[in-house]
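Comments concern the structure below.
These numbers come from the heavy atoms of this one structure, side chains and all, not from hydrogens, waters or symmetry mates. So you know, we letter chains A, B, ... as the sequences are listed, proteins then strands, and number each from 1.
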Amino acid sequence: MRFTQLLVPTLKDDPADAEVVSHKLLVRAAMIRQVARGIYDYLPLGLRVLRNVERIVRAELDAAGCQEILMPAVCPAELWQESGRWERYGKELLRIQDRNDRDFCFGPTHEEVVTDIVRKTVRSYRDLPKNLYQIQTKFRDEIRPRFGLMRGREFLMKDGYSFHADRADCEREYRHMYETYERIFDRCGLRFRAVEADTGAIGGSMSHEFQVLADSGEDAIVACTSCSYAANVEKAELPPDAGRAHAQQAQSRALERVATPGQRTIEEVSGFLGMSPDRFIKTLVFATDDGGAIVALVRGDHQISEAKLKIALGAQWVALADAETVHRTTGASVGFAGPVGLEARIVADHALNGIRGAVTGANREDEHLVGVEHGRDFGKGVTFADLRQANAGDPCPRCGKGTFEEHRGIEVGQVFYLGTKYSKPLGATFLDAGGQEHPIEMGTYGIGVSRTVAAAVEQNHDKDGIIWPLALSPFPVEVVPTSVTDEPVREAAEKLYGDLRAQGVEALIDDRDERPGVKFKDADLIGFSLRLTVGQKGLAKGVVELRERREKTNHELSVADAAAHVTKIVRESGRIA
RNA sequence: CGGGGCGUGGCGCAGCCUGGUAGCGCGCCUGCUUUGGGAGCAGGAUGUCGGAGGUUCAAAUCCUCUCGCCCCGACCA
């Protein structure tokens with residue numbers, strides 16, 4: 001491809017509406033343009049990157065025995081009503097009507113549709129297992145889309161679904177997909193971690209998220225320093241005795257009521273009383289799906305995990321209660337709740353078991369209690385559970401040797417054991433060898449293709465621009481003649497370009513009549529993995545320069561060898577067969 | 001949905017408070033010079049100042065409404 005034929009409107013300034021680096025760079029490097037909030041155009045270079053991710057995903061899935069299909073983007077309401085999600089999904093589901101006022105939605109995911117396919121076609125255990133996937137534009141009407149491609153409303157996703165006669169086979173496929181995902185993100189050239197994840201409303205099932213490691217990631221994950229255990233902080237298990245010693249290290253003291261006018265948050269009361277937050281009992285009132293209010297306790301310096309709370313309660317959903325409920329439950333306004341004397345269902349995090357000399361709200365306006373002791377002052381009817389988010393330094397629950405270190409991640413994939421959540425309501429069943437009818441066991445597997453592009457940039461950039469992994473680079477190599485008016489230089493560059501293409505290498509030649517500096521700056525901004533510079537000085541010595549974007553150092557190659565050398569690098573990256 | 005901010009040439013911004021014929025940088029076009037890290041000089045083009053209404057002799061500027069975009073919040077007591 002010739003630069004002069006390509007639409008590459010690079011920008012010198014950051015766009016005013018971009019916040020995160022991937023958004024800024026993808027716009028500046030002429031990959032994407034915003035059309036509406038959370039909705040983007042892909043310009044030629046951006047599309048090439050997107051296609052590269054797609055190609056890897058397809059290749060690995062096809063090799064893993066999956067079959068590609070394409071389902072409609074616009075789905076009839078009836079299917080969603082059958083599964084119950086038409087009512088439950090909320091405003092994220094973009095609902096539309098056709099000319100006859102029939103309801104449809106723009107698919108945010110396709111469990112219903114794919115299950116419909118299978119229930120209409122699969123009859124017997126002999127038809128199982130099956131693994132179907134598609135790569136398709138999805139739409140989720142996010143409350144607050146942001147960060148460019150990281151959290152768009154419209155996005156490209158690979159969604160896959162597998163169907164099995166029994167749970168064991170489904171679990172086998174789950175592991176198979178897990179391994180396939182590892183290969184996919186490896187081939188993309190990304191540093192990532194597969195972590196155990198919250199399973200949401202399914203409950204008690206398996207799920208792993210694939211997180212691209214980047215400091216700017218929205219998700220917090222922990223990984224054991226000694227074994228392979230890694231999990232989202234929301235989900236990471238903690239041993240029951242973690243923090244026990246800490247709870248009991250304070251001296252027992254008399255319970256005392258203190259005035260704390262207007263001091264509501266842990267931080268405020270901590271400063272006001274001069275006591276550190278880890279001596280506080282944070283008392284949170286939640287509403288749950290069974291209609292009642294429940295009270296959750298975690299240590300002042302800990303964060304509650306709603307995912308864990310949900311599991312501990314066996315609830316479908318939990319949410320912090322509103323001010324009115326808090327008042328009704330505790331007798332005081334938000335900020336003064338505590339477990340002492342509280343008539344409510346209370347669950348407490350293990351770290352509070354046996355705590356002494358603690359601080360908590362007094363359930364009275366502008367008052368806290370000091371010297372609170374578990375067992376003496378509260379504890380009747382209190383159940384203990386693992387409720388808090390994990391932190392760096394917490395002990396690993398698996399190997400017992402290591403501790404957690406914390407990373408930030410961008411979720412680019414998730415594998416999920418679904419069971420019969422959709423097959424049951426939608427009536428997707430099969431007959432076993434004995435003629436018995438059973439609901440089909442399902443797994444679901446997603447990859448955010450467009451988000452993977454953004455994650456790659458978040459993880460791989462410097463002050464000059466993007467540093468694409470070779471597998472994703474819009475072109476693996478760019479040939480840059482320092483001048484197109486200098487005939488020998490132009491001819492040598494064209495020869496090199498032609499030789500590369502003849503070898504099957506996707507090459508771009510910057511044939512613009514621009515000064516070298518302009519071309520170099522654009523090359524760095526766009527982030528081509530390899531750059532071959534052809535200039536007068538080099539040609540005089542019979543060499544051209546190979547520069548790896550990541551290294552920023554030049555290697556001289558003889559004019560005769562350059563094409564073969566670069567072809568070898570590109571071939572080893574898997575970009576050409 | 002609540003709070004805040006911003007819409008001025010392709011991009012980034014100033015001008016608005018205190019109304020008086022719309023400006024800067026980059027980019028773009030022409031010419032000459034230049035040619036290994038976003039060149040120099042000279043000349044030039046480009047704006048319904050987001051939209052609608054209002055106030056006024058006069059509105060980018062003041063008022064009302066509206067649309068769009070961005071940020072924060074809408075879970076940590």
From CA spacing to verdict: side-chain contact (heavy atoms from CB on, under 4.5 Å), Glu154(A), Lys138(A) | CA-CA 6 Å; Glu154(A) 190 180 281; Lys138(A) 303 281 196 232; over 6 Å; no
Show me the side-chain donor-acceptor pairs of residues 8-22 of chain A shorter than 3.5 Å, one per line, residues at least two apart or across chains.
| residue | atom | partner | partner atom | Å |
| --- | --- | --- | --- | --- |
| Thr10(A) | OG1 | Asp522(A) | OD1 | 2.9 |
| Ser22(A) | OG | Glu458(A) | OE2 | 2.8 |

Glu196(A) CD to Ile221(A) CD1 distance, which is reported to the nearest 0.5 Å | 12.0 Å
Pick the C1' atom in rA58(B) and in rA74(B), then give their distance to the nearest Å.
-> 46 Å
Taking atom P in both rC13(B) and rC71(B), compute the distance separating them and give it to the nearest angstrom.
-> 14 Å
N/O-N/O pairs, protein side and nucleotides 68-72 of chain B side, under 3.5 Å:
| residue | atom | partner | partner atom | Å |
| --- | --- | --- | --- | --- |
| rC69(B) | OP1 | Arg37(A) | N | 2.9 |
| rC69(B) | O3' | Gln34(A) | NE2 | 3.1 |
| rC70(B) | OP1 | Gln34(A) | NE2 | 3.4 |
| rC72(B) | OP2 | Arg144(A) | NH1 | 2.8 |
| rC72(B) | OP2 | Arg144(A) | NH2 | 2.5 |

Complementary nucleotide of [N], counting Watson-Crick and G-U pairs under 3.5 Å:
N	result
rC1(B)	rG73(B)
rU48(B)	none
rA59(B)	none
rG68(B)	rC6(B)
rC41(B)	rG31(B)

Check whether any side-chain heavy atom of Leu369(A) lies under 4.5 Å from a side-chain heavy atom of Val359(A), and answer yes or no.
-> no
Side chains of Lys519(A) and Arg512(A) in contact at under 4.5 Å (non-hydrogen atoms) | yes
Residues 295-308 of chain A vs salt bridge (Lys or Arg N to Asp or Glu O under 4.0 Å), sequence neighbours excluded, gives Arg299(A)-Asp301(A), Lys308(A)-Asp386(A)
Salt bridge check: are Lys495(A) and Asp499(A) linked by an N-O gap of less than 4.0 Å?
-> yes
Tyr89(A) six-ring centre to Arg95(A) NZ/CZ under 6.0 Å and within 45° of normal | no
Between Arg33(A) and Tyr40(A), is NZ or CZ placed under 6.0 angstrom from the six-membered ring centre and within 45° of the ring axis?
-> no
Can you name the ring-ring contact (aromatic ring centres under 6.0 Å, His included) partners of Phe336(A), sequence neighbours left out?
-> His368(A)
Mark up nucleotides 33-43 of chain B, 5' to 3', with B wherever a protein heavy atom is under 4.0 angstrom from a base atom, S wherever such an atom reaches only the sugar-phosphate, and - elsewhere.
-> -BSBBBB----
Listed in order of residue number, which residues of residues 328-346 of chain A have a non-hydrogen atom at under 4.0 Å from RNA chain B?
-> Val334(A), Gly335(A), Phe336(A)
